[in-house]
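Here the structure is laid out as structure tokens; the discussion comes afterwards.
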2 protein chains.
Amino acid sequence: MSLRHALLGLLADRPQTGYDLSKRFEQSLSRYAWHASHSHIYPELKKMTADGLVEVVGEGARGSKTYGITERGTAELREWMFTRKDTPVRSEYILRLFLLSALDTGDMRTLIGDVVADGEAGVAELSQVIERIETDARPGEKPPFARLAAEFGLRWHRLQRDWARWAIDELDKVEHQRTTDKNARRTRRRG
Amino acid sequence: MSLRHALLGLLADRPQTGYDLSKRFEQSLSRYAWHASHSHIYPELKKMTADGLVEVVGEGARGSKTYGITERGTAELREWMFTRKDTPVRSEYILRLFLLSALDTGDMRTLIGDVVADGEAGVAELSQVIERIETDARPGEKPPFARLAAEFGLRWHRLQRDWARWAIDELDKVEHQRTTDKNARRTRRRG
DNA sequence: TTCATCATGTAATGAGTTACATGATTTG
DNA sequence: CAAATCATGTAACTCATTACATGATGAA
């Protein structure tokens, strides 16, 4: 039940509405860590209220409700953060990389090429994000935690890009090896 | 519906029983890309048979059924591999890293320290795996695709480790900054 | 003969997505 | 006043996990 803990984590920062939380998933979490849509978030917040992990701390226009984390919620979050239960990862993106061998060499190269391009784009994007964070940051202020996540994203995209480049090199090597062998055999036969 | 494609990808390599497939998830896929348990796999294989994506190519002892991928299955797999539908990633592990700011500085350091240790252990393990693959590989044979996945794993664990080390350095910097500021203020007041 | 592993399944429950549905407020 | 955005919710469906359940085969 990670949605619950993701919500607690976001609310630990500051009280927010379901709508706010939904946005924050879209903006950062859903790309690298966890996704949730509003239709899942709203009911969960209700359940969490019933369980005493969060509470409505204010109501605003358009029937909006601002939720805040409770003491119990904070305790529950901390407990979860330190409880290592090796949970399954899901990433279709990586799954594809693990299934590459199902493709023929041409398709494989095309797909890995796409990974290089994706990685490149990601690196460019995150570099900008980081630059923005750093110019906005004022010295002496509380450490910008968004910087940590952004750095993670940057390194992740670099990994993608560099691994894919390496993979193409490997395929080249193997193919070159084969060509060389074939020529060697041919020469031997001829000579 | 990625389980379906994961199964197709594994069967593209060679025909296997549900049991075999279950093992392969446990061994490599579930750690980096996708998890599935047997109770999910067996019914899915049945559905896939009904849909003509796989077929029973042999029956063995203990009522075991060996499944093979069909032509339609191969086509479906290829189609899926090239169809980029940005799918949501789920990783509790990374989620925790994104929610770090919910912890106090002490807890934060402890948790990041754990990440360093995990990364270190992963690097050691994958290095061994790679060594084994490379000594087993015989030149001229078909390229060892497991090597690509293992390299990905290695780089992933390195990323974890190095990011975590960097993060601790950042926290140190911020804290040092604060101490310096505090001393400066104190000195100013005194002088 | 006992234990580990092979081998497959179902049922109940929980988690998550997509589609449906509504309406207020702000900005241009 | 129109469009975008804010804001919340429910219902039907699919996907996935946990628990339950059984039995064969091979190795020690």
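Naming convention: chains lettered A, B, ... in sequence-line order (proteins, then strands); numbering from 1 in each chain.
- The CG atom of A/Leu3 sits 17 Å away from the P atom of D/dA16 (whole-angstrom rounding).
- For the atom pair A/Met81 CE and B/Met108 CE, the distance stands at 8.0 Å (nearest 0.5 Å).
- A/Leu45 has its CG atom 14 Å from the P atom of C/dG16, to the nearest Å.
- In this structure, the nucleotide among C/dT17, C/dG16, C/dA15 sitting nearest to the side chain of A/Met1 is C/dA15.
- One finds a side-chain N or O of B/Arg90 lying less than 4.0 angstrom from the OP1 or OP2 phosphate oxygen of C/dT17.
- Ring orientation note: the planes of B/Trp163 and B/Trp166 are tilted relative to one another, at an angle of 30° to 60°.
- Atom P of nucleotide C/dG16 and atom NE2 of A/His5 are separated by 12 Å, given to the nearest angstrom.
- C/dT17 atom C1' lies 14 Å from atom CH2 of A/Trp34, rounded to whole Å.
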Task: From CA spacing to verdict: side chain to side chain contact (heavy atoms under 4.5 Å, CB included), A/Leu8, A/Leu53 - done: CA-CA 8 Å; A/Leu8 287 174; A/Leu53 302 171; 4.1 Å; yes
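- Here the CZ atom belonging to B/Phe98 is positioned 14.0 Å from the CH2 atom belonging to A/Trp34, to the nearest 0.5 angstrom.
- Relative to the six-membered ring of A/Trp80, B/Arg96 meets both conditions, a distance below 6.0 Å and an angle of at most 45° to the axis.
- The 12-atom threshold is not exceeded at CZ of B/Arg78, counting heavy atoms of other residues, nucleotides or ligands nearer than 6.0 Å.
- Atom CD of B/Glu92 is separated from atom P of D/dT17 by 12 Å (rounded to the nearest Å).
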Task: Protein proximity profile, nucleotides 5-10 of chain D - base contact B, sugar-phosphate-only contact S, no contact -, cut-off 4.0 Å on heavy atoms - done: -BBBBB
